[in-house]
Amino acid sequence: MDAFIIKGGSRLSGRITADGSKNASLPLMAAALLADEPVTFRRVPELSDTANMARLLGELGCDAKSGGPGVFTLSNVDTSLTHARYDIVRTMRASICVLGPLLAKRKRAAVSMPGGCAFGARPVDLHLRGLEALGAKIELNGGDIVATADRLKGATVFLGGPFGSTVLGTANVMSAATLAEGRTIIESAACEPEIVDLANLLNAMGAKITGAGSPRVTIDGVDQLGGADHPVLPDRIVAATYALAAAITNGEVIIDDFPYDYLLAVVDRLNLIGVHVDRQDENQDPTCCTVKITCDRRLKPTIVTTQPYPGFPTDVQAQMMALLCFAEGNSIITEKIFPERFMHVAELTRMGAQLFRQGPTVVVQGNGRLVGAPVMASDLRASASLILAGLAAEGETIVSRVYHLDRGYVQMERVLASLGANIERFNPDEVAEPLKKAEPPLVETVKPKSLAGKPG
Ligand code: EPU
């Protein structure tokens with residue numbers, strides 16, 4: 001398991017480009033299961049999650065042919081396969097995206113029930129209720145969700161839950177409804193840009209979807225879907241993470257392909273605390289433009305509440321917490337999407353952060369200083385938060401288990417190093433092995449005499 005070693009204190013400067021969006025790519029790729037012709041994707045980020053999705057689709061008879069970096073074409077060569085196995089689903093919850101497309105196109109889907117994750121239970125009840133409303137029969141069999149339907153029938157489906165709508169649930173129901181008989185209305189649909197991107201792909205394939213990006217999406221079912229050629233939208237969470245990396249090091253960074261319009265809630269909070277996100281050319285498309293990040297010497301504290309889009313994204317909460325450690329005064333962060341998503345709190349505390357958690361709220365007492373320490377990544381965005389903290393901390397930080405990070409950021413250490421960060425990837429097992437050989441066995445020196453020689 002790789003780790004990063006970071007020597008903090010370098011101000012980031014330079015120019016980078018945001019990758020294509022992971023969270024858009026996964027449901028987009030799954031939607032290729034609906035097509036009768038090949039579907040080509042561009043700007044797909046080369047990540048373990050997108051590789052896992054390609055592997056899962058391969059197991060479902062949907063082959064991927066590479067067309068160069070970030071480009072590949074998916075074609076259905078065997079439409080008899082319908083089982084998404086536990087071995088893959090457990091590595092990536094987003095495997096649930098294949099449920100709707102498989103059911104609609106192949107009349108049956110068996111998808112291993114995803115478990116919880118580091119930050120909570122993560123149920124899929126809304127996905128299942130939505131598909132049942134379209135006429136699917138759903139059973140749980142040996143840990144698999146088994147959904148069957150001869151042909152789905154359009155219906156009005158309400159997808160609001162206790163924490164707002166569901167992004168992947170909306171993707172599943174919207175994808176399935178494209179091939180249903182008649183009209184489906186999704187009420188309380190997720191409004192995230194990734195849903196709009198999916199609707200754009202499905203419409204390019206021949207679907208009839210209107211209203212994507214608003215809480216009411218209308219889908220008029222069609223008999224079949226064809227191919228398409230689709231560029232994935234830029235990753236708003238990756239773009240925001242690098243903007244925050246620039247800010248936490250008091251740096252000056254230009255970011256190309258920055259989805260400014262999709263990050264207005266983040267830009268708003270950054271402006272308030274003294275971080276400037278300036279568009280470089282007003283004529284550019286505001287969803288994919290060039291911005292320059294600069295910041296005031298002293299940052300002000302603020303209040304951050306995560307909410308469904310267009311509110312402040314939960315996927316940037318952990319990184320924002322690291323930044324607010326450097327504001328002068330108390331900030332308040334409240335998590336309204338995943339109330340347990342605070343795995344980074346204990347690790348940031350190891351670096352000297354003054355954090356006080358009460359349920360879904362954390363008070364960040366900014367004191368302008370963190371100190372490097374060995375810390376452990378526990379999920380994707382928590383990892384990003386620890387790396388940001390390490391960039392600004394005094395001394396050396398070792399972030400272990402960065403495989404979480406590799407799920408969502410393409411070679412983050414290289415991107416940060418290109419901006420002047422002192423960061424390297426290494427394998428702690430390879431470093432520890434020679435040390436183990438060189439040192440005398442610890443047990444001989446510390447064992448009390450009375451226990452010496454007994455099995456330990
Ligand atoms: N929820 C339910 N029932 C459901 C589904 C969701 O109660 O059937 C609840 C969840 O427990 C949560 C809330 O609804 O409290 C929102 O969950 P949602 O379903 O929207 O999450 P998701 O679709 O599984 C996607 C992203 C997450 C991101 C969330 C929220 C992908 C692959 N994942 O997950 O991204 O945090 O939306 O915006 O798109 C990440 O990238 O680090 C990540 C976790």
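Every number for a ligand or one of its atoms is a count from 1 in the order of the listing.
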Within 6.0 Å of CZ in Arg216, more than 12 heavy atoms from elsewhere: no

Close-contact set for ligand 1 against Ala94 heavy atoms, below 4.0 Å: 32 (C)

Proximal ligand 1 atoms for His127, defined as those under 4.0 Å from one of its heavy atoms: 8 (O)

Subset of ligand 1 atoms that lie under 4.0 Å from at least one heavy atom of Leu380: 42 (O)

N/O donor-acceptor pair under 3.5 Å between Thr306 side chain and Thr314 backbone: no

Option with minimal heavy-atom separation from atom 28 (C) of ligand 1, where the choices are Thr306, Asp315, Asp379: Asp315

Geometric N/O contact Leu126 with ligand 1, under 3.5 angstrom: yes

Protein contact to atom 10 (C) of ligand 1 [nearest heavy atom, distance to 0.1 Å]: Phe338 CE2, 3.9 Å

Contact check: Leu168 vs ligand 1, nitrogen or oxygen atoms, below 3.5 angstrom: yes

Ser165 touching ligand 1 at heavy-atom level, < 4.0 angstrom: yes

Heavy atom of the protein closest to atom 19 (O) of ligand 1 (residue, atom name, distance): Thr166 OG1, 2.7 Å

Heavy-atom check, side chain of Leu324 versus side chain of Met321, under 4.5 Å: no

Heavy atom of Arg93, distance to ligand 1 below 4.0 Å: yes

Proximity to ligand 1 by part of Arg341, non-hydrogen separation under 4.0 Å: side chain

Taking atom 9 (C) of ligand 1 as the reference point, the nearest protein heavy atom with its distance: Phe163 CD1, 4.4 Å

Option among Asp19, Asp257, Asp197, Asp235 that satisfies the salt bridge (Lys or Arg N to Asp or Glu O under 4.0 Å) test with Arg43: Asp257

Shortest heavy-atom approach to atom 32 (C) of ligand 1 - which of Thr314, Asn23, Val316, Val124: Asn23

Donor-acceptor side-chain pairing of Asn200 and His230 below 3.5 angstrom: no

Geometric N/O contact Ile337 with ligand 1, under 3.5 angstrom: yes

N or O contact, Val167 vs ligand 1, cut-off under 3.5 Å: yes

Minimum-distance protein heavy atom relative to atom 22 (P) of ligand 1: Arg122 NH2, 3.7 Å

Salt bridge Lys105-Asp36, side-chain N to carboxylate O under 4.0 Å: yes

Heavy atom of Lys22, distance to ligand 1 below 4.0 Å: yes

Under 3.5 Å side-chain donor-acceptor pair for Thr302 and Ser331: no

Polar proximity ligand 1 side, Glu192 side, N/O cut 3.5 Å exclusive: no

Any Pro123 heavy atom less than 4.0 Å to ligand 1: yes

Stacked cation flag Arg269 on Phe312, 6.0 angstrom / 45 deg: no

Gln317 touching ligand 1 at heavy-atom level, < 4.0 angstrom: no

Gly161 near ligand 1 by a heavy-atom separation under 4.0 Å: no

Enclosure of Arg183 CZ (heavy-atom neighbours >12, cutoff 6.0 Å): no

Lys/Arg N to Asp/Glu carboxylate O, Arg15 vs Asp256, below 4.0 Å: yes

Donor-acceptor under 3.5 Å (Thr40 side chain, Asp229 main chain): no

Where ligand 1 meets Phe119 - atom numbers and elements under 4.0 angstrom, heavy-atom basis: 44 (C)

Ion pair Glu413/Arg425, N-O distance below 4.0 Å: yes

Side chain Ser175, main chain Ala171, donor-acceptor under 3.5 Å: yes

Backbone or side-chain N or O of Arg381 under 3.5 Å from ligand 1 N or O: yes

Region of Asp125 that comes within reach of ligand 1 [heavy atoms, distance under 4.0 Å]: both

Sidechain N-carboxylate O distance under 4.0 Å for Arg236, Asp261: no

Pair Thr82, Arg108: side-chain N/O donor-acceptor within cut-off below 3.5 Å: yes

Sub-4.0 Å heavy-atom contact, Tyr309 with ligand 1: no

